[in-house]
Amino acid sequence: MTMPMMRPPRKNPVLRTRQMNLPPGARGRVALGLTAAAAEGRFELQTCDDCGTVQYPPREVCHKCLSAALRWRQQSGEGELLGSTTLHHSNDLFFRERLPWRLGLVHLDAGPTLMVHLHGEVGDAPQRVRVGARLDRAGQAVLIGFPNEGSAHMADDKMLREMTSDPKFRKALVTDGKTETGQAIVRALVKAGADIVWVGHAEPWKKMGDGLDDISALPQVTLVPLDLTNGRQVTELAGSIGGKVDIVINNAEVHRTFGIGARRGTDVAKAEMDINYFGLLRLAQEFGPALKGRSADGATGATAWVNLLSIYALSNFPPHGTFSASKAAAHSLAQCLRAEMRPAGIRVINVFPGPIDDEWNQHTPPPKLAPTALANAIVKALRDGVEDVYPGDVAQEWLERWRDNPKVLERELAAGG
């Protein structure tokens, strides 16, 4: 049984902040298929279309029949633990700082035998375990052996927390608390055990209302003025709390309907880009370096950056054309941010919801994603350590159609659906 994590002691400000040492991150192109699946929370292995063999490690051809017809397919991970060992010495700097470290040999029911990291609740061999794939601090997939039945506090396992961004006892910044979505995210973070949640709100001189009064009454919540169109304000806030924030959740957005011909001028499109794209850029320039500097700062060091994008970023939805374009630009920028944050072990999580049940989608027919469901999906992504999340039925359907044939999806959307 995993002991519940206790609140870490306050850091001694005199002590030097540790710098991140990443685990070995070199992977061949074939092996990146395992990482691509783990980034979305799936455990996949290569399966031969010709003979049905499931194989590991990844190869260019089937090790049994030499066929090149290999597909990545999701696995249950069920298997038998054959043996385990505990490392007390390592020449690798990452593992050297985290010893002792348990490893195990697991024979999957699907066929392959794997070397995996072992969760603390897995006992000695032989016993049944479940293998799952997670992203490590280098952003690469690793395999972990879990007990078939875990305890209530299994997420507090020291090894598992290295692979996730659990909000428990961490400090978070939510960039927009005036929307129902932002308020739901704040409540979800507080419920998940966040220590402090800074909540941004533009134009603080206006009467709050609309739920902001309720979340401001929570003891973990502190309201801060934050308008992402104001570069000076972003800089001042980063100077004030940037060295304390562990998780940034950028949910601020401007969402307007219509495409190109139904609206005169470019003012609305500029407003969308100023928040949805340039706002992310300003935020990343100011808060990014602070997070990178604290990624190895103890058990609750800086760990994640979350961007609220849209499924419309994958393929333009003409009734929301300029909004789609701004989210596509933000998606591209978020990929750049992910590449720059990875050397520090900071995970960048992109969330691609379908239409949210808010004022800008009031004429969109169901199904629509409730703000609470979106907030829970974000917290789950932090706890599971994934990179890309597509919450809701619409997002899942669009993703499937986009992966099948992006050009067909474009034509379907242009025709109205």
Row check, F94 ring normal vs R96 NZ/CZ: under 6.0 Å, within 45°: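 That pair does not qualify as a cation-pi contact.
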* How are the rings of H117 and W101 set relative to one another: parallel (under 30°), tilted (30 to 60°) or perpendicular (over 60°)? ->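 Perpendicular.
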* Which of parallel (below 30°), tilted (30 to 60°) and perpendicular (above 60°) describes H320 and F317? ->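 Because their plane-to-plane angle is under 30°, the rings of H320 and F317 count as parallel.
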Work out which heavy atom in [X] is nearest to a heavy atom in [Y]; give both atom names and the distance.
| X | Y | result |
| --- | --- | --- |
| L70 | R59 | CD1-O, 3.5 Å |
| G120 | D157 | N-OD1, 3.1 Å |
| P343 | L22 | O-CD1, 3.4 Å |

Measuring from [X]:[atom1] to [Y]:[atom2], what's the distance to the nearest 0.5 Å?
| X | Y | atom1 | atom2 | result |
| --- | --- | --- | --- | --- |
| N276 | L309 | CG | CG | 9.0 Å |
| Q127 | L82 | CD | CG | 11.5 Å |
| N361 | T257 | CG | OG1 | 9.5 Å |
| E121 | H119 | CD | NE2 | 5.0 Å |
| L337 | N307 | CG | CG | 6.5 Å |
| R342 | R137 | CZ | CZ | 12.5 Å |

Q: Report the residue from V131, T113, L143 that forms a side chain to side chain contact (heavy atoms under 4.5 Å, CB included) with Y56.
A: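 Result for side chain to side chain contact (heavy atoms under 4.5 Å, CB included) with Y56: L143.
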Can you find a side-chain donor-acceptor pair between [X] and [Y] that sits under 3.5 Å?
| X | Y | result |
| --- | --- | --- |
| Q46 | Q55 | yes |
| E80 | H107 | no |
| S315 | E410 | no |
| E387 | N350 | no |
| D92 | S90 | no |
| D176 | N251 | no |

When you measure from the side chain of [X] to the backbone of [Y], do you find a donor-acceptor pair of N or O atoms at a distance under 3.5 Å?
| X | Y | result |
| --- | --- | --- |
| R170 | G301 | yes |
| S216 | D213 | yes |
| K327 | F323 | no |
| R347 | M163 | yes |
| Q140 | T35 | no |
| R263 | G261 | no |

Close side-chain approach of [X] to [Y], heavy-atom, < 4.5 Å:
| X | Y | value |
| --- | --- | --- |
| I311 | W402 | no |
| N250 | V306 | no |
| P355 | L369 | no |
| P391 | Q396 | no |
| P353 | L308 | yes |
| L108 | L114 | yes |
| V54 | Q75 | yes |
| L228 | L226 | yes |

Looking at [Y] and [X], is any side-chain nitrogen of the basic one under 4.0 Å from a carboxylate oxygen of the acidic one?
| X | Y | answer |
| --- | --- | --- |
| R338 | D388 | yes |
| D274 | K270 | no |
| D195 | R7 | yes |

Please determine whether the number of non-hydrogen atoms from other residues, nucleotides or ligands lying under 6.0 Å from atom CZ of R73 exceeds 12.
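Enclosed.
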Set of side-chain hydrogen bond (donor to acceptor under 3.5 Å, both in side chains) partners for R128, sequence neighbours left out: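 R128 satisfies side-chain hydrogen bond (donor to acceptor under 3.5 Å, both in side chains) with D109 only.
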- Under 6.0 Å between ring centres, would you say that holds for F287 and W305?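 No - the distance between ring centres of F287 and W305 does not fall below the 6.0 Å cut-off.
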Taking the six-membered ring where the residue is Trp, are the ring centres of H331 and F352 under 6.0 Å apart?
->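 Yes - the distance between ring centres of H331 and F352 falls below the 6.0 Å cut-off.
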Margin query: Holding to salt bridge (charged side-chain N to carboxylate O under 4.0 Å, His left out), I want the full list of residues that pass it with E40, two or more places apart in sequence or in another chain.
Written below: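 R42, R403.
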